[in-house]
Amino acid sequence: MDLPVAVGVDTSTASLAAADWAASEAAVRDRPLRVLHALPLMPHLLPGGTRRSQLDGSRLLHEVRHVLAVRHPQVRAHAEEVHDVATAALVAAAEAAELLVMAARGEGGFPGLRVGSTALHVVARASCPTVLLPTEVTDAGPRDHLAVAVDARRPHGPALDFAFEAARRHGLPLRALHVFPPSGPVGLAAEREVEAALLASVLVPWRVARPDVEVSWDAEPAGVGLVLVEASAKARLLILGRRPGATAGRLGPVAHAVLHHAACPVAVVPGV
């Protein structure tokens, strides 16, 4: 069964960019594309009533289908309206998707927010890898590699699987980043060397399984969020792991900070 790449859209420019990104990814993966637009559960309570909501949704999906057909004619795209709140609709869509894509922030919400409440809710709960596209992308020159965050003492297997496969699929080098707390200024170079060696050993099974992927690795003695945000300025995609457990339904502080400040799309991969 070919699970689709799913993408949520609304009337925002950012969500339309997410649909375009998702279509490109569906083409690379040779998967169908499922375009979702959530409608309110009780649209009759909104100004204009049910008829206006249905017309707006139908018009939006028609326009999205047209744009995607022109830009990505090889992609099998299916667009549909879902009568549910956006968070519930997207979390449900993730259960039957290979990848879920959405803008970090859509229509509505507070001006100036880089990541909306819907995106944060969904990325913390989705059962498949979820990619958030930033609403503001700066031109940092060529983005010629992917980056993945790795805890060398507790590697996140699904995130590394996703990262190596994405690098292979796109034909791009992969940069693995491990951040460690420095014990002090004395012997920092030696400490970095030890941590880099630990990271290299952790990556061995993936490097053996994917010999066609060019991999580099770095160990940085700094704050995790800062290192990852800086890495996002030159990466095409940044991959993070999301661990299950007591914080299910909530993002950790590092992921939260990265999603708010990353300069490239961020993939959050759930653990098992």
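The residues of the chain are indexed from 1 along the displayed sequence.
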Quick check: do V7 and R34 have side-chain heavy atoms less than 4.5 Å from each other?
no

What I'd like to find out is whether the side chain of L237 reaches to under 4.5 Å of the side chain of F162, using heavy atoms alone.
yes

Going by heavy atoms in the side chains, are H156 and V150 under 4.5 Å from each other?
no

Under a 4.5 Å cut-off applied to non-hydrogen side-chain atoms, are L120 and L251 in contact?
yes

Report the C-alpha distance between V115 and R105 in whole Å, list the side-chain angles of each, state the deciding distance to 0.1 Å, and finish with yes or no for side-chain contact (heavy atoms from CB on, under 4.5 Å).
CA-CA 5 Å; V115 184; R105 181 187 171 206; 5.9 Å; no

Applying side chain to side chain donor-acceptor pair (under 3.5 Å) to R29 and not counting sequence neighbours gives E25, E98

Who pairs with H256 by ring-ring contact (aromatic ring centres under 6.0 Å, His included), at least two apart in sequence or on another chain?
H260

With heavy-atom distances below 4.5 Å as the criterion, would you say the side chains of R31 and P4 are in contact?
no

Within the distance-only criterion (no hydrogens, no angle test), does the side chain of T135 pair as donor or acceptor with the backbone N or O of L133 below 3.5 angstrom?
no

Mind listing the closest non-hydrogen atom pair of P265 and V131 along with its distance?
CB-CG1, 3.9 Å

Has S15 got a side-chain atom pairing as donor or acceptor with D10's backbone, closer than 3.5 angstrom?
yes

R236 (side chain) donor-acceptor with R143 (main chain) under 3.5 angstrom
yes

Keeping E195 on the side-chain end and V179 on the backbone end, is there a donor-acceptor pair under 3.5 Å?
no

Could you please spell out the steps behind the salt bridge (Lys or Arg N to Asp or Glu O under 4.0 Å) verdict for E165 and R169?
CA-CA 6 Å; E165 178 59 20; R169 186 181 292 119; 3.3 Å; yes

Smallest heavy-atom separation, R243 atom then D151 atom, equals NH2-CB, 4.2 Å

Step through the shown structure and confirm whether more than 12 heavy atoms of other residues, nucleotides or ligands are within 6.0 Å of CD on E193.
no

Are D2 and P32 close enough that some pair of their side-chain heavy atoms sits under 4.5 Å apart?
yes

Going through the distances and angles, do V148 and L174 end up as a side-chain contact (heavy atoms from CB on, under 4.5 Å)?
CA-CA 7 Å; V148 58; L174 177 64; 3.9 Å; yes

Counting only N and O atoms by type, is there a donor-acceptor contact under 3.5 Å from the side chain of H72 to the main-chain atoms of V75?
no

Counting C-beta onward and ignoring hydrogens, is there a side-chain heavy-atom pair between V9 and L61 closer than 4.5 Å?
yes

Got a donor-acceptor contact below 3.5 angstrom from the T118 side chain to the T87 backbone?
no

Stepwise, does the side-chain contact (heavy atoms from CB on, under 4.5 Å) test hold for L259 with V123?
CA-CA 10 Å; L259 290 174; V123 79; 3.9 Å; yes

Which donor-acceptor pairs under 3.5 Å do the side chains of residues 211-225 make with protein atoms, sequence neighbours left out?
unit_1: D218; atom_1: OD2; unit_2: R175; atom_2: NE; d: 2.8
unit_1: D218; atom_1: OD2; unit_2: R175; atom_2: NH2; d: 3.2
unit_1: E220; atom_1: OE1; unit_2: R192; atom_2: NH1; d: 3.2

Ignoring hydrogens and angles, tell me if any N or O in the side chain of R242 forms a donor-acceptor pair with the backbone of A126 under 3.5 Å.
yes

For A22 versus L33, what's the shortest heavy-atom pair and its separation?
CB-CD1, 3.8 Å

